[in-house]
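Structure first, then comments.
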Amino acid sequence: MLENLINLYDRDLRRLETELSTFRQEENLWRVTGQIANPAGNLGLHLVGNLTTYIGKNLGGIDYIRDRPREFSRRNLPLPELLGMVRTTHGHVTSTLQKLKSDDLEARYPEDVLGFEMTTGYFLLHLLAHLAYHTGQINYIRRVLE
């Protein structure tokens with residue numbers, strides 16, 4: 001199961017980078033239209049904060065202080081900087097998952113993020129679904145705007 005998680009996170013973090021890179025007009029990363037509330041760039045920042053906190057920090061011991069409100073309020077970050085953040089997060093996620101043992105997946109996750117106790121394996125699956133969900137939103141926003 002752990003090898004599958006490593007492969008799926010690698011795949012989906014590459015997809016996130018591709019989706020962000022595919023914007024033809026960089027300013028569209030920070031635009032919204034209609035009922036879309038969050039720009040694609042902010043969704044990317046949110047995923048960086050989410051994965052760095054819950055995998056890199058809580059499981060990998062990476063020194064990180066999350067500023068969740070800033071993930072949604074920051075604007076006009078240059079694409080190369082945003083992609084650099086995604087790549088750094090990708091590295092943190094990969095190195096952390098590679099250090100885990102199969103038994104770690106059955107252990108209690110160290111924080112009750114969802115309001116209830118859960119195993120690390122359960123929460124890693126939740127985070128993977130969250131990554132895929134927002135990556136799909138980024139794809140949709142790009143297609144609507146461009």
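Checked by atom type and distance alone, the side chain of Thr96 never pairs as donor or acceptor with a backbone atom of Val93 at under 3.5 Å. A side-chain donor-acceptor contact under 3.5 Å links Asn42 to the backbone of Glu71. A side-chain donor-acceptor contact under 3.5 Å links Tyr9 to the backbone of Leu128. With hydrogens and angles ignored, the 3.5 Å screen pairs a side-chain donor or acceptor of Asp104 with a backbone N or O of Lys101. Without hydrogens or angle criteria, Glu26 side chain to Leu79 main chain gives a donor-acceptor distance under 3.5 Å.
A distance of 9.0 Å separates NE2 in His46 from CD in Gln137, rounded to the nearest 0.5 Å. Considering CG of Leu5 and CG of Leu100, their distance stands at 9.0 Å, rounded to 0.5 Å. Ile55 CD1 to Asn58 CG: the interatomic distance, rounded to the nearest 0.5 Å, is 10.0 Å. One finds the CD atom of Glu19 at 8.0 Å from the CZ atom of Arg143 (value rounded to the nearest 0.5 Å). Distance check: Leu77 CG to Leu29 CG gives 9.0 Å after rounding to the nearest 0.5 Å. To the nearest 0.5 angstrom, Asn139 atom CG is 11.5 Å from Leu16 atom CG.
For the pair Lys57 and Arg66, the minimum side-chain heavy-atom distance is 4.5 Å or more. Taking the side chain as every heavy atom from C-beta outward, Leu59 and Pro110 approach each other to under 4.5 Å. In this structure the side chain of Leu97 reaches within 4.5 angstrom of the side chain of Leu124, judged on heavy atoms. Inter-residue side-chain proximity for Met118 and Arg108 is flagged as unmet; no heavy-atom pair is nearer than 4.5 Å. Under the 4.5 Å side-chain criterion, counting only non-hydrogen atoms from C-beta, Met85 is in contact with Leu45. Between Ile36 and Thr33, some side-chain heavy-atom pair lies under the 4.5 Å cut-off. Residues Leu131 and Asn50 fail the side-chain proximity criterion, which asks for heavy atoms closer than 4.5 Å. Side-chain contact between His90 and Arg14: present, with at least one pair of heavy atoms (C-beta onward) separated by less than 4.5 Å.
Taking each heavy atom of Arg31 and Ile141 in turn, the nearest pair found is O-CG2, 4.4 Å. Here the closest heavy-atom approach between residue Leu83 and residue Ser21 is recorded as CD1-OG, 3.4 Å. For the pair Ala40 and Phe23, the tightest heavy-atom approach, listed with the atom from each and the gap, is CB-CZ, 3.5 Å.
You'll find the ring centres of His130 and Tyr133 outside the 6.0 Å limit.
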How far apart are the C-alpha atoms of Glu111 and Tyr54, what are their side-chain angles, what is the distance that settles it, and do they pass the side-chain contact (heavy atoms from CB on, under 4.5 Å) test?
CA-CA 9 Å; Glu111 185 179 345; Tyr54 296 129; 4.0 Å; yes
Residue pair Tyr122, Tyr109: steps toward the ring pair (Phe, Tyr, Trp, His ring centres under 6.0 Å) verdict:
CA-CA 9 Å; Tyr122 178 93; Tyr109 186 76; over 10 Å; no
Using side-chain contact (heavy atoms from CB on, under 4.5 Å), reason through Met1 and Leu105 one step at a time and then give a plain yes or no.
CA-CA 9 Å; Met1 179 62 152; Leu105 297 178; 3.9 Å; yes
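Checking Asn28 against Glu146 by side-chain atom types alone, a donor-acceptor pair falls below 3.5 Å. The closest side-chain donor-acceptor pair between Arg11 and Asn7, if any, does not fall under 3.5 angstrom.
Val48 and Ile62 fall into different hydrophobic clusters, where Ile, Leu, Val, Met, Phe, Trp and Tyr are joined by side-chain heavy atoms under 4.5 Å apart, directly or via other members. Cluster membership for Leu127 and Phe116, using ILVMFWY side-chain heavy atoms within less than 4.5 angstrom, is shared.
Between Arg87 and Glu81 there is no salt bridge, since no side-chain N of the basic residue sits under 4.0 Å from a carboxylate O of the acidic one.
Annotation for Tyr64: atom OH counts as buried by contact number, over 12 foreign heavy atoms lying within 6.0 Å.
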